[in-house]
Amino acid sequence: QVHLVESGGGLVQSGGSLRLSCQVSGSILGINVMGWYRQEPGKQREMVAIITSRDDTTYATSVKGRFTLSRDNTQKTMYLQMNSLKPDDTAVYYCNILQRGIDYWGKGTLVTVSS
């Protein structure tokens, strides 16, 4: 069984930075895609950044150039470095992995950017 636990969220001023972490417990074999998603109240969850097993990374247009996804397989941890944060980045951020056709989600971490 795979479990994902996010951390690193919090309150930050516009222009500031945060680094989110996603700790994966369980086997990481067979992971096809890992990524970060976010959801604002009343809105659909949207992709922020994903990385495939071939290390191809895709970013949402709104975060390109400001956010960086990385991972440390030895530590079974994925990161999202968020710079130049804007109030529009305020959301709950979720860690996700697609492993052998199964989607796994963390419980999310709240990021609040004040203007």
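No hydrogens, no waters, no symmetry mates; every other heavy atom, side chains included, goes into these values.
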**Message:** Checking Leu4 against Ile97 for the side chain to side chain contact (heavy atoms under 4.5 Å, CB included) test, could you report, in this order, the C-alpha distance in whole Å, the side-chain angles of both residues, the deciding distance, and whether it holds?
**Reply:** CA-CA 9 Å; Leu4 310 178; Ile97 65 170; 4.2 Å; yes

**Message:** Does Lys76 form a side chain to side chain contact (heavy atoms under 4.5 Å, CB included) with Arg71? I'd like the steps, not just the answer.
**Reply:** CA-CA 8 Å; Lys76 297 200 291 186; Arg71 62 181 175 186; over 6 Å; no

**Request:** Before giving the answer on side chain to side chain contact (heavy atoms under 4.5 Å, CB included), spell out for Asn32 and Thr52 the whole-Å C-alpha distance, their side-chain angles and the decisive distance to 0.1 Å.
**Result:** CA-CA 6 Å; Asn32 305 110; Thr52 71; over 6 Å; no

**Prompt:** Asp55 and Ile51: side chain to side chain contact (heavy atoms under 4.5 Å, CB included), yes or no, with the steps?
**Reply:** CA-CA 6 Å; Asp55 284 337; Ile51 185 167; 3.7 Å; yes

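Residues satisfying the side chain to side chain contact (heavy atoms under 4.5 Å, CB included) criterion with Ser7, sequence neighbours excluded, are Ser21. Scanning for side chain to side chain contact (heavy atoms under 4.5 Å, CB included) contacts around Gln44 gives an empty result, with sequence neighbours left out. Listed by chain and number, the residues in a ring pair (Phe, Tyr, Trp, His ring centres under 6.0 Å) with Phe67 amount to none (sequence neighbours excluded). Residues passing the side chain to side chain contact (heavy atoms under 4.5 Å, CB included) test with Arg100, sequence neighbours excluded: Leu29. Every residue meeting the side chain to side chain contact (heavy atoms under 4.5 Å, CB included) condition with Ser25, not counting sequence neighbours, appears here in chain and number order: His3.
Closest approach of Pro87 to Ser115, counting heavy atoms only: CG-CB, 3.8 Å. The two atoms that bring Leu110 and Ala91 nearest to each other are CD1-O, 3.6 Å, heavy atoms only. Residue Ser27 comes nearest to Val2 through the heavy atom pair O-CG2, 3.7 Å, listed as atom of the first residue, atom of the second, then distance.
Looking at Val12 and Thr112, their side chains never come closer than 4.5 Å, going by heavy atoms from C-beta outward. Contact check for Thr68 versus Tyr59: side-chain heavy atoms found under the 4.5 Å cut-off. Between Leu69 and Met78, the closest side-chain pair of non-hydrogen atoms falls below 4.5 Å. For the pair Cys22/Tyr79, no side-chain contact is recorded, criterion being any heavy-atom separation below 4.5 Å from C-beta on. Within the 4.5 Å cutoff, the side chain of Leu18 has heavy atoms near those of the Leu85 side chain. No side-chain heavy atom of Gln99 sits under 4.5 Å from any side-chain heavy atom of Val33. Between Met82 and Leu20, some side-chain heavy-atom pair lies under the 4.5 Å cut-off.
Interatomic distance, OG of Ser53 versus CE of Met34, reported as 11.5 Å (0.5 Å rounding).
A salt bridge is defined here as a Lys NZ or Arg NE, NH1 or NH2 lying under 4.0 Å from an Asp or Glu carboxylate O, and Arg38 with Asp88 fails to meet this definition. A salt bridge does not link Lys107 to Glu6: none of the charged side-chain nitrogens sits closer than 4.0 Å to a carboxylate oxygen.
Between the Arg19 side chain and the Gln81 main chain, no donor and acceptor come within less than 3.5 Å of each other. Under a 3.5 Å cut-off, the side chain of Thr77 and the backbone N or O of Gln75 do form a donor-acceptor pair. Listed for the Thr109 side chain is a donor-acceptor partner under 3.5 Å among the backbone atoms of Gly9.
Residues Ile50 and Val63 are members of separate hydrophobic clusters, defined by side-chain heavy-atom contacts under 4.5 angstrom among Ile, Leu, Val, Met, Phe, Trp and Tyr. Under the 4.5 Å side-chain heavy-atom criterion for ILVMFWY residues, no single connected hydrophobic cluster contains both Leu98 and Ile31.
Ser114 and Gln13 form no side-chain donor-acceptor contact under 3.5 Å, judged by distance and modelled atom types alone.
Listed by first and then second residue, the ring-ring contact (aromatic ring centres under 6.0 Å, His included) pairs involving residues 93-115 are Tyr37-Trp105 (not counting sequence neighbours).
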